[in-house]
Chemist: 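What follows is a single structure, and I will ask about it in a moment.
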Amino acid sequence: MGVVLMSTTIIASLLVGAVLSLRFKFLILVPTIIAAWAVLTGIGLVWEITAAWVVLEIVVVTTALEVGYLATLPMEGLAIRPN
């Protein structure tokens, strides 16, 4: 069950990072990552998950947000801008 939840969290974080890169500058990642940390910590406290698992999720989500953000940047360079 934990693997399914972690993979869902990774995919969601990648997509959120990609969507953010289409509209905002890189500074949007700071409040997004802080909000993700707060949400994951809250979920960990409510579900009584071990601290090591919560820290692992925080690291994975932070990395996935950044990778999702960076993955779309080369595509923006290839896009044809309308005149």
Side-chain angles (χ1 to χ4, degrees):
M1 184 68 171
V3 176
V4 173
L5 289 176
M6 182 66 90
S7 60
T8 304
T9 306
I10 293 170
I11 292 170
S13 299
L14 284 168
L15 291 174
V16 167
V19 168
L20 288 175
S21 73
L22 297 175
R23 185 71 179 141
F24 300 103
K25 300 291 183 193
F26 72 95
L27 289 176
I28 194 66
L29 287 176
V30 174
T32 305
I33 288 171
I34 291 171
W37 288 358
V39 168
L40 290 172
T41 303
I43 290 171
L45 290 172
V46 170
W47 288 356
E48 299 177 355
I49 300 173
T50 62
W53 188 258
V54 173
V55 170
L56 176 66
E57 280 195 47
I58 287 173
V59 169
V60 167
V61 166
T62 302
T63 305
L65 280 169
E66 292 174 4
V67 168
Y69 187 90
L70 293 174
T72 57
L73 293 181
M75 288 183 249
E76 284 185 13
L78 297 174
I80 299 172
R81 303 274 184 215
N83 289 337

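Every value quoted in this text rests on a predicted model; they were computed, and no experiment measured them.
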Chemist: Could you check if a side-chain atom of Thr62 sits within less than 4.5 angstrom of a side-chain atom of Trp37, using non-hydrogen atoms only?
Modeler: yes
Chemist: Applying the 4.5 Å side-chain criterion to the ILVMFWY set and letting contacts propagate, would Val16 and Val30 be lumped into a single cluster?
Modeler: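 Unlinked, Val16 and Val30 end up in two clusters.
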Chemist: Just do the side chain to side chain contact (heavy atoms under 4.5 Å, CB included) check on Ile28 and Arg23 with the steps written out, would you?
Modeler: CA-CA 10 Å; Ile28 194 66; Arg23 185 71 179 141; over 6 Å; no
Chemist: Between Ala36 and Leu65, which heavy-atom pair has the shortest distance, and what is it?
Modeler: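 Taking Ala36 first and Leu65 second, the nearest heavy atoms are CB-CD1, 4.4 Å.
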Chemist: Can you get from Val60 to Ile11 by hopping between Ile, Leu, Val, Met, Phe, Trp and Tyr side chains that sit under 4.5 Å apart?
Modeler: no
Chemist: Between Leu20 and Thr32, is any pair of side-chain heavy atoms under 4.5 Å apart?
Modeler: yes
Chemist: Taking a hydrophobic cluster as the set of Ile, Leu, Val, Met, Phe, Trp and Tyr residues connected by side-chain heavy atoms closer than 4.5 Å, whether directly or through intermediates, do Trp47 and Leu56 fall within one such cluster?
Modeler: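 Cluster IDs for Trp47 and Leu56 match.
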Chemist: When you group the ILVMFWY residues by side-chain heavy-atom contacts below 4.5 Å and let the links chain together, are Phe26 and Ile33 in the same group?
Modeler: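 Per the 4.5 Å side-chain linkage, Ile33 and Phe26 are co-clustered.
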Chemist: How close do Ala64 and Leu14 get, counting heavy atoms only, and between which atoms?
Modeler: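 Between these two residues, the closest heavy atoms are O-CD2, 3.3 Å.
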Chemist: For the CG atom of Leu29 and the CD1 atom of Ile34, what is their distance to the nearest 0.5 Å?
Modeler: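 Atom-to-atom, Leu29:CG and Ile34:CD1 are 11.0 Å apart.
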Chemist: For residues Tyr69 and Phe24, report the shortest heavy-atom separation together with the two atoms involved.
Modeler: OH-O, 3.1 Å
Chemist: What distance separates Ser13 OG from Glu57 CD, expressed to the nearest 0.5 Å?
Modeler: 9.5 Å
Chemist: Same hydrophobic cluster for Leu70 and Val67, using side-chain heavy-atom links shorter than 4.5 Å among ILVMFWY?
Modeler: yes
Chemist: Which pair of non-hydrogen atoms, one from Thr41 and one from Val54, has the smallest distance, and what is that distance?
Modeler: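 Shortest heavy-atom contact: CA-CG1, 4.2 Å.
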Chemist: So, for Ile49 and Ile43, which heavy atoms are closest and what is the spacing to 0.1 Å?
Modeler: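 Closest heavy-atom pair between Ile49 and Ile43: CD1-O, 4.4 Å.
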